[in-house]
Asks: 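Pasting a structure here, questions to come.
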Amino acid sequence: MSRYVKHLDTSLSRAQADSVISTYLESEGFGYRDERGEQVWRKGTGALTVPQFIKAVPGDGFVHIEAWTAAWSLLPGVYSGEMDPMTGLYGAAPKAMLRPRIAELERRLKAQAAE
């Protein structure tokens with residue numbers, strides 16, 4: 001199991017960071033849900049679309065970000081394993097869709113903090 005993990009320092013309050021995260025990820029079609037015991041943002045159902053996951057936990061002055069794609073998804077909602085969206089060639093297409101979303105989320109959090 002492998003995930004992209006980043007601890008992003010910011011001057012935003014927890015509520016401000018949560019607003020930036022929710023606004024952006026909802027606009028990208030992610031839904032917030034419990035996924036195997038973790039509260040995450042998920043896009044995709046499996047089978048035709050490999051699920052993408054972003055876990056963004058805001059705190060006062062920081063946001064902890066984790067992101068991954070499902071490794072194997074044969075049926076809708078049925079998948080196993082995780083792939084880091086930043087490394088490896090396997091699953092290049094789903095990873096390529098998630099990478100810019102992670103970068104944009106981080107950019108928005110930094111930009112909001114700079115205002």
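FYI, side chains are in, hydrogens and waters are out, and symmetry mates aren't considered; it's all heavy atoms of this structure.
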Asks: Quick one: does Ser22's side chain have a donor or acceptor within less than 3.5 Å of a partner on Ser19's backbone?
Replies: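 Side chain of Ser22 to backbone of Ser19: no pair is present.
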Asks: Hey, quick one: are Val57 and Leu25 part of the same hydrophobic cluster, counting side-chain heavy atoms closer than 4.5 Å, chains of contacts allowed?
Replies: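 Different hydrophobic clusters.
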Asks: Minimum heavy-atom separation for Pro58 to Ala17, with atom names?
Replies: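 Reported closest heavy-atom pair: CB-CB, 3.7 Å.
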Asks: If you round to the nearest 0.5 Å, how far is CZ of Arg108 from CD1 of Ile21?
Replies: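 Answer rounded to 0.5 Å: 12.0 Å.
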Asks: What distance do Asp60 atom CG and Thr10 atom OG1 have between them, rounded to the nearest 0.5 Å?
Replies: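 Separation between the atoms: 10.5 Å.
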Asks: Going by ring pair (Phe, Tyr, Trp, His ring centres under 6.0 Å), name the residues that satisfy it together with Phe62, two or more places apart in sequence or in a different chain.
Replies: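 Counting only residues at least two positions away or on another chain, Phe62 forms a ring pair (Phe, Tyr, Trp, His ring centres under 6.0 Å) with His7.
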Asks: Between OG1 of Thr23 and CD of Glu28, what distance do you get to the nearest 0.5 Å?
Replies: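 Those atoms lie 12.0 Å apart.
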Asks: Rounded to the nearest 0.5 Å, what separates atom CZ in Arg101 from atom CG in Leu98?
Replies: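 Interatomic distance, Arg101 CZ to Leu98 CG, rounded to 0.5 Å: 7.0 Å.
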Asks: So, taking the atom named NZ in Lys55 and the one named CZ in Arg3, what distance separates them when rounded to the nearest 0.5 Å?
Replies: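 Here the rounded value is 6.0 Å.
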Asks: At what distance, to the nearest 0.5 angstrom, does CD of Gln52 lie from CH2 of Trp68?
Replies: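 If I round to the nearest 0.5 Å, the distance is 12.0 Å.
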Asks: So Glu38 and Arg36, do their side chains get closer than 4.5 Å, heavy atoms only?
Replies: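 No, too far: nothing below the 4.5 Å cut-off.
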Asks: Which pair of non-hydrogen atoms, one from Tyr24 and one from Ser27, has the smallest distance, and what is that distance?
Replies: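 Closest pair (atom of Tyr24, atom of Ser27, distance): O-OG, 2.6 Å.
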Asks: Checking side chain to side chain contact (heavy atoms under 4.5 Å, CB included) for the pair Gln39/Asp34: CA distance, chi angles, key distance, verdict?
Replies: CA-CA 5 Å; Gln39 293 299 121; Asp34 181 279; 3.2 Å; yes
Asks: May I ask whether Tyr32 and Ile102 are part of the same hydrophobic cluster, defined by side-chain heavy atoms of I, L, V, M, F, W, Y residues being less than 4.5 angstrom apart, directly or through others?
Replies: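 They do share one cluster, since a chain of ILVMFWY contacts under 4.5 Å joins Tyr32 to Ile102.
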Asks: Could you tell me which residues satisfy salt bridge (Lys or Arg N to Asp or Glu O under 4.0 Å) with Glu26, sequence neighbours excluded, listed by chain and number?
Replies: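 Glu26 satisfies salt bridge (Lys or Arg N to Asp or Glu O under 4.0 Å) with no residue once adjacent residues are dropped.
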Asks: Check the pair Val63 / Asp9 against side chain to side chain contact (heavy atoms under 4.5 Å, CB included), numbers first and verdict last.
Replies: CA-CA 7 Å; Val63 177; Asp9 289 322; over 6 Å; no
Asks: So do the side chains of Ile54 and Leu105 get within less than 4.5 Å of each other, counting heavy atoms only?
Replies: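 Yes, their side chains come closer than 4.5 Å.
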Asks: For the residue pair Arg99 and Tyr4, establish whether any side-chain heavy-atom pair is separated by less than 4.5 Å.
Replies: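 When only atoms from C-beta onward are counted, Tyr4 and Arg99 do not touch, as no gap falls below 4.5 Å.
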Asks: Locate the shortest heavy-atom distance separating Lys43 from Gly29; write the atom from each residue and the value.
Replies: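 Heavy-atom minimum between the residues: CG-O, 4.0 Å.
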Asks: Check whether Glu106 reaches the backbone of Ala103 with its side chain - one donor and one acceptor, N or O, closer than 3.5 Å.
Replies: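 Not at all, since once roles are kept as given, no pair shorter than 3.5 Å links the two residues.
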